[in-house]
Amino acid sequence: MMSELDMWNILAGFMSGNAVWFLAYVVATWLGFRMTSNIYMNGGAPIIGKILVSLYCLSVSAFMCTLMVNTNGLFRDVASGLSAVGETGELSGAAQAFIAQAADVPSMNPIQMVFVASIILMQLLQVWMKKPA
């Protein structure tokens with residue numbers, strides 16, 4: 001049987017790796033904005049270039065969504081594991097608060113959805129809208 005400390009260690013280990021992935025997606029998003037900005041500012045980009053940049057930006061957003069879904073799933077799993085630990089022993093106040101907050105977390109919450117949607121909208125608008133003359 002796992003202990004409360006084991007569950008916290010699992011969460012901490014995952015969140016360290018999660019931070020590295022999130023940083024990678026921030027850099028990839030920044031690169032997407034650089035590409036879309038160049039298309040917008042220069043105008044006249046070939047359609048194949050616009051399609052490829054759009055696919056890149058959509059892919060980065062999909063990767064970021066997957067990271068968020070996996071993170072929220074881990075929160076639910078750790079909350080469930082802590083609940084199981086609590087059935088056989090005493091839980092700390094932090095564990096009880098975590099269970100209350102994370103046990104029913106959705107796959108993606110509305111703030112996460114708005115965050116990713118706003119990024120992809122800003123990027124795709126720069127690709128497909130014409131710069132005013």
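The first residue in the sequence is number 1, and the count goes up from there.
- Considering only heavy atoms from C-beta on, N42 stays 4.5 Å or farther from K131 through its side chain.
- You'll find the ring centres of W21 and F63 outside the 6.0 Å limit.
- With N18 contributing its side chain and F14 its backbone, the two residues share no donor-acceptor pair below 3.5 Å.
- The two residues S92 and W8 come nearest to each other via the heavy atoms OG-NE1, 4.5 Å.
- Here N109 contributes atom CG and M68 contributes atom CE; the two are 8.5 Å apart, rounded to the nearest 0.5 Å.
- Under the 4.5 Å side-chain heavy-atom criterion for Ile, Leu, Val, Met, Phe, Trp and Tyr, M113 and L67 are members of the same hydrophobic cluster.
- Side-chain atoms of Q96 come within 3.5 Å of backbone atoms of L91 as a donor-acceptor pair (strictly under, hydrogens ignored).
- Side chains of Y56 and L52 form no contact here, defined as non-hydrogen atoms less than 4.5 Å apart.
- Of the possible polar contacts, none joining the Y25 side chain to the C65 backbone as a donor-acceptor pair under 3.5 Å is found.
- Between the CD atom in Q123 and the CD1 atom in I39 there is a gap of 10.5 Å [rounded to 0.5 Å].
- Between the side chains of D6 and S3, at least one donor N or O sits under 3.5 Å from an acceptor N or O.
- The distance from atom CD1 of I51 to atom CG of L55, rounded to the nearest 0.5 Å, is 7.5 Å.
- Here the closest non-hydrogen pair linking S54 and W128 is OG-NE1, 2.8 Å.
- Between M108 and N72, the shortest heavy-atom distance links the atoms CA-ND2, 3.8 Å.
- Using a distance-only test at 3.5 Å, with no hydrogens or angles considered, a donor-acceptor pair links the side chain of T66 to the main chain of A62.
- Clustering ILVMFWY residues whenever any of their side-chain heavy atoms sit less than 4.5 angstrom apart, transitively, puts V69 in the very cluster that holds V116.
- Smallest separation of non-hydrogen atoms from C57 and G32: SG-CA, 4.0 Å.
- Under a hydrophobic clustering in which Ile, Leu, Val, Met, Phe, Trp and Tyr are joined whenever their side-chain heavy atoms come within less than 4.5 Å, directly or via other members, L5 and V78 fall into different clusters.
- Rounding to the nearest 0.5 angstrom, the gap separating the CD1 atom in I10 from the CG atom in L74 is 8.5 Å.
- To the nearest 0.5 Å, atoms CG (N70) and OG (S107) are separated by 9.5 Å.
- Nearest approach of M7 to V85, heavy atoms of both residues: CG-CG2, 4.3 Å.
- When the side chains of ILVMFWY residues are joined at heavy-atom separations under 4.5 Å, either directly or via intervening members, V127 and I47 end up in a single hydrophobic cluster.
- Side-chain contact between L125 and Y40 is absent, with no heavy atoms from C-beta onward closer than 4.5 Å.
- With hydrophobic clusters built from ILVMFWY side chains whose heavy atoms lie under 4.5 angstrom apart, I111 does not share a cluster with I119.
- Closest heavy-atom contact between E4 and A95: OE2-CB, 3.4 Å.
- Side-chain contact between F22 and T71 is absent, with no heavy-atom pair separated by less than 4.5 Å.
- From Q101, atom CD reaches atom CZ of F75 across 8.5 Å, with rounding to the nearest 0.5 Å.
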